Amino acid sequence: MTRKPVLALVGATGAVGGVMIDIMNARRDWPWGEVRLVASPRSAGRKMTVRGEEITVRALAPEVFDGVDIAMFDVPDEVSAEWAPVAAARGAVAVDNSGAFRMDPDVPLVVPEVNPEQIANRPRGIIANPNCTTLSMMAALGALHREHGLRELVVASYQAVSGAGQAAIDRLYAELVAVAGKQVGTRAGDVRELLAAAGLSAEDSPFPAPIALNVVPWAGSAKGDGWTSEELKVRNESRKILGIPDLKVSATCVRVPVVTTHALAVHATFERPVTVAGAREILEAQPTVVLVDDADGGAFPTPADVVGEDPTYVGRIRQALDFPNTLDFFVCGDNLRKGAALNTYEIAEKLAAELAG
């Protein structure tokens with residue numbers, strides 16, 4: 001095409017939409033001829049700045065997609081389920097960050113570092129962005145899988161509260177205020193009593209247990225047999241992204257008192273022999289992976305170091321004891337950047353290059 005493509009951002013005024021605009025403003029290359037910002041009717045009329053241009057937010061409606069080539073969706077599942085097909089019907093490629101289409105067999109689930117070829121396989125005109133927990137480990141796992149053939153995966157996630165939305169962030173801050181400066185942890189019930197005294201009822205919390213000074217081994221909704229939606233996403237999405245339909249996966253998803261950046265302890269078994277030195281060499285060659293792996297020197301990734309960063313950070317790489325062809329390692333990734341906004345935008349950039357020929 002001779003003209004530059006038109007990009008629409010649906011959900012521009014939300015938390016992930018704001019991160020998306022930050023990413024767009026920081027990009028060196030600019031492939032877009034026009035950017036349209038779209039949100040709910042109550043946010044229409046707001047002014048937002050993209051690359052120095054003040055843009056008026058439009059209300060979500062079918063006609064906003066007329067002439068749009070690529071539409072990025074950073075909205076709840078039910079909004080994407082309704083409006084992404086509308087955008088596609090109007091001629092746009094919809095890149096959706098919700099969970100509405102991830103497991104649809106006619107919608108590719110894409111991580112550009114792992115399976116970029118799937119971008120072209122979009123019979124419904126929709127491309128899905130993976131869950132932020134799965135995404136946090138995909139750049140590293142994809143690189144290792146290409147060399148050694150991933151066979152089994154056991155994951156424990158330590159997920160930031162921002163993955164559960166603004167209400168979860170607000171609850172964490174409120175609980176931290178309630179327990180700050182208090183003597184807690186000497187007996188069962190201390191934290192709960194302090195929260196109750198501060199008027200923070202358990203019924204109003206997004207979490208099934210206190211999140212301040214605690215870890216909660218539950219993220220997502222119940223899906224039967226003791227599993228949560230977050231845990232099944234790790235299993236099902238890893239299989240689809242890596243193209244291993246029979247990959248053995250077990251995940252335990254834990255919510256921790258961190259605002260932003262998910263962390264994962266990964267136990268990965270491969271078909272072919274793998275060494276720590278070889279794994280380090282593979283990961284160091286990945287442009288979106290940062291290796292921080294000097295445990296003796298106290299160097300390993302933590303959420304506090306990774307928040308606001310685009311790459312995935314990997315460390316604590318070890319040959320698993322008692323498990324052949326198996327590595328254990330620790331991963332941190334900002335769940336609002338690579339885990340949501342950045343991956344969506346990287347897909348859109350590749351689509352723009354495709355449209356440009």
Side-chain angles (χ1 to χ4, degrees), residues 14-16 18-19 76-78 99 131-137 154-235 250-267 298 300-309 313 315-316 330-337 339-340:
V16 177
V19 175
D77 291 9
E78 63 274 12
N131 173 266
C132 54
T133 311
T134 308
L135 252 176
S136 296
M137 62 180 175
V154 180
V155 179
S157 71
Y158 307 93
Q159 296 179 215
V161 298
S162 56
Q166 186 62 46
I169 298 174
D170 294 343
R171 178 71 185 203
L172 172 60
Y173 282 131
E175 290 193 10
L176 290 173
V177 169
V179 302
K182 308 295 194 306
Q183 290 281 342
V184 295
T186 58
R187 63 182 181 83
D190 276 354
V191 172
R192 285 184 169 87
E193 290 170 8
L194 289 169
L195 299 185
L200 298 172
S201 70
E203 291 75 18
D204 295 334
S205 176
F207 310 107
I211 190 66
L213 304 181
N214 203 17
V215 296
V216 181
W218 186 271
S221 57
K223 289 298 180 182
D225 297 325
W227 296 99
T228 73
S229 56
E230 288 286 307
E231 291 159 351
L232 295 185
K233 286 174 187 176
V234 170
R235 175 178 182 262
S250 184
T252 300
C253 291
V254 180
R255 195 73 70 181
V256 296
V258 169
V259 176
T260 306
T261 295
H262 289 349
L264 299 93
V266 180
H267 178 90
F300 39 74
T302 73
D305 299 315
V306 176
V307 63
E309 298 291 319
Y313 284 64
R316 296 293 322 279
F330 195 71
V331 181
C332 288
D334 187 318
N335 55 299
L336 298 182
R337 292 187 72 85

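Values below: all heavy atoms of this structure, side chains included; hydrogens, waters and symmetry mates excluded. Bear in mind that the values here come from a model prediction, so they are computed numbers and not experimental data.
- More than 12 heavy-atom neighbours from other residues, nucleotides or ligands sit within 6.0 angstrom of NZ on K182.
- Annotation: side chain of T133 is not in contact with side chain of K233 (no heavy-atom distance under 4.5 Å).
- Considering every non-hydrogen atom in both F330 and A263, the closest pair reads CZ-CB, 3.5 Å.
- Scanning all heavy atoms of the two residues, the minimum distance from G333 to S136 falls at O-OG, 3.9 Å.
- Shortest non-hydrogen contact noted between C253 and E231 is N-OE2, 3.0 Å.
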Stepwise side-chain hydrogen bond (donor to acceptor under 3.5 Å, both in side chains) test for S157 and E230
CA-CA 10 Å; S157 71; E230 288 286 307; over 6 Å; no
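- Scanning for salt bridge (Lys or Arg N to Asp or Glu O under 4.0 Å) contacts around R235 gives an empty result, with sequence neighbours left out.
- We find the CG-CG distance between L176 and L213 to be 7.0 Å, quoted to the nearest 0.5 Å.
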Verdict with reasoning, V234 to M137, per side-chain contact (heavy atoms from CB on, under 4.5 Å):
CA-CA 10 Å; V234 170; M137 62 180 175; 3.7 Å; yes
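- Counting non-hydrogen atoms of neighbouring residues, nucleotides and ligands closer than 6.0 angstrom, the CD atom of E78 exceeds 12 such neighbours.
- The main-chain N or O of S229 is never found under 3.5 Å from a side-chain atom of S221 such that the two would form a donor-acceptor pair.
- In this structure, the side chain of R255 does not engage the main chain of P217 through any donor-acceptor pair within 3.5 Å.
- The OG atom of S250 sits 3.5 Å away from the CH2 atom of W227 when rounded to the nearest 0.5 Å.
- Separation of atoms NE2 (H262) and OG1 (T134) is listed at 9.5 Å; rounding is to 0.5 Å.
- In this structure, the side-chain contact (heavy atoms from CB on, under 4.5 Å) partners of A209, at least two apart in sequence or on a different chain, are R192, N214, V216.
- Between N335 and C132, the shortest heavy-atom contact is O-CB, 3.7 Å.
- You'll find the side chain of V179 reaches within 4.5 Å of the side chain of L195, heavy atoms only.
- With W218 contributing its side chain and G220 its backbone, the two residues share a donor-acceptor pair below 3.5 Å.
- Panel note: side chain D334, backbone T261; no donor-acceptor pair is recorded below 3.5 Å.
- Side-chain atoms of V161 and R171, non-hydrogen and from C-beta on, never get closer than 4.5 Å to each other.
- Atoms CZ and CG, on F300 and D305 in that order, are 9.0 Å from each other to the nearest 0.5 Å.
- At least one donor-acceptor pair closer than 3.5 Å links the side chain of E175 to the backbone N or O of A212.
- Every side-chain contact (heavy atoms from CB on, under 4.5 Å) that V259 has, sequence neighbours left out, goes to I169, L172, Y173.
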